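See below for the structure under consideration.
Letters A, B, ... mirror the listed sequences (proteins, then strands); counts begin at 1. Since we're looking at a predicted model, the values are computed, not measured.
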Amino acid sequence: EAGVAQSPRYKIIEKRQSVAFWCNPISGHATLYWYQQILGQGPKLLIQFQNNGVVDDSQLPKDRFSAERLKGVDSTLKIQPAKLEDSAVYLCASTPGARAGETQYFGPGTRLLVL
Amino acid sequence: SQKIEQNSEALNIQEGKTATLTCNYTNYSPAYLQWYRQDPGRGPVFLLLIRENEKEKRKERLKVTFDTTLKQSLFHITASQPADSATYLCALGAGNNRKLIWGLGTSLAVNP
């Protein structure tokens, strides 16, 4: 079974530029999560999708971050414009359903550096 | 305020010993708690889940305890090996939607 795929693996941009990350979850997984993980910290949930609907985006900085999952499969996360404090690893995870306690399967992450 | 605390210092132990990692929380009533392992440059990998009505769970060399009175979970790795060196994250499932709230992680180094 293929795991969660993310691209690119690394990205370096200057502040005020825009950037987009892509995630393809495990086949058949209905729920998709985007997390931000700053160095030395645990993951922070940005947005959760179930199929193509948003379940939770309470911690997404909506003035600069946006995400979509149009066909309920893969997803993109965009930052526009980027700030220095956006430097982090952006992790995508998926679960088969939306039951509490389900194992989350993570991709390798995209490491973003904003200069 | 709500907090999740894991061992702030990195843990260094000798191969063959038992590693014990701590996860303490305040002002949460978690329905369950999960432990994940994260290696450098990779995403977290699920290890164990323990629910609020369970005291202990085991899987091979891993053991997790959950004390809702003390508001603490302990994660043990017995007969530790250098390959166990990684960061270990605890995550609480809490709130109405039981979403995961993550600790900062504890770095474990097992020395040969």
Within 6.0 Å of CG in Leu115(A), more than 12 heavy atoms from elsewhere: yes

Quick check on the hydrophobic clustering: are Leu77(A) and Phe106(A) connected, directly or via other members, by side-chain heavy-atom contacts under 4.5 Å? no

Quick check on the hydrophobic clustering: are Ile101(B) and Tyr25(B) connected, directly or via other members, by side-chain heavy-atom contacts under 4.5 Å? yes

With a 4.5 angstrom heavy-atom cut-off, could you sort out which part of Gln37(A) is near chain B: side chain, backbone, both or neither? side chain

Following the transitive rule for hydrophobic clusters with a side-chain heavy-atom cut-off under 4.5 Å over Ile, Leu, Val, Met, Phe, Trp and Tyr, establish whether Leu92(B) and Phe66(B) coincide in one cluster. yes

Taking CD in Glu85(A) as the centre, count heavy atoms belonging to other residues, nucleotides or ligands within less than 6.0 Å. Is the count above 12? yes

Residues from residues 34-51 of chain B approaching chain A under 4.5 Å (heavy atoms): Gln34(B), Tyr36(B), Gln38(B), Gly41(B), Arg42(B), Gly43(B), Pro44(B), Phe46(B), Leu49(B), Arg51(B)

Among Gly107(A), Gly109(A), Gly101(A), single out the residue with the greatest number of heavy-atom pairs under 4.5 Å to chain B. Gly101(A)

Side chain, backbone, both or neither: which part of Arg111(A) has a non-hydrogen atom closer than 4.5 Å to chain B? side chain

Answer yes or no: are there more than 12 heavy-atom neighbours, outside Lys71(A) itself, under 6.0 Å from its atom NZ? no

Answer yes or no: are there more than 12 heavy-atom neighbours, outside Gln14(B) itself, under 6.0 Å from its atom CD? yes

Which residue out of Val89(A), Val4(A), Thr103(A), Leu91(A) racks up the most heavy-atom pairs below 4.5 Å with chain B? Thr103(A)

May I ask whether Tyr105(A) and Trp34(A) are part of the same hydrophobic cluster, defined by side-chain heavy atoms of I, L, V, M, F, W, Y residues being less than 4.5 angstrom apart, directly or through others? no

Please set out all donor-acceptor pairs under 3.5 angstrom arising from side-chain atoms of residues 44-58 of chain A, sequence neighbours excluded.
{"residue": "Asp56(A)", "atom": "OD1", "partner": "Ser58(A)", "partner atom": "N", "Å": "2.9"}
{"residue": "Asp56(A)", "atom": "OD1", "partner": "Ser58(A)", "partner atom": "OG", "Å": "2.7"}
{"residue": "Asp56(A)", "atom": "OD2", "partner": "Lys99(B)", "partner atom": "NZ", "Å": "3.2"}

Going only through I, L, V, M, F, W and Y residues with side-chain contacts under 4.5 Å, is there a path from Val64(B) to Tyr32(B)? no

Gln59(A) portion near chain B, given a 4.5 angstrom heavy-atom threshold: side chain

Relative to chain B, which segment of Tyr33(A) carries a heavy atom at a distance below 4.5 Å: side chain, backbone, both, or neither? neither

Rounded to the nearest 0.5 Å, what separates atom CG in Leu89(B) from atom CD in Gln41(A)? 11.5 Å

Among Pro108(A), Cys92(A), Ala93(A), Pro43(A), which residue forms the greatest number of heavy-atom pairs with chain B at distances under 4.5 Å? Pro43(A)

Residue Leu33(B) versus chain A: region with a heavy atom under 4.5 Å: neither

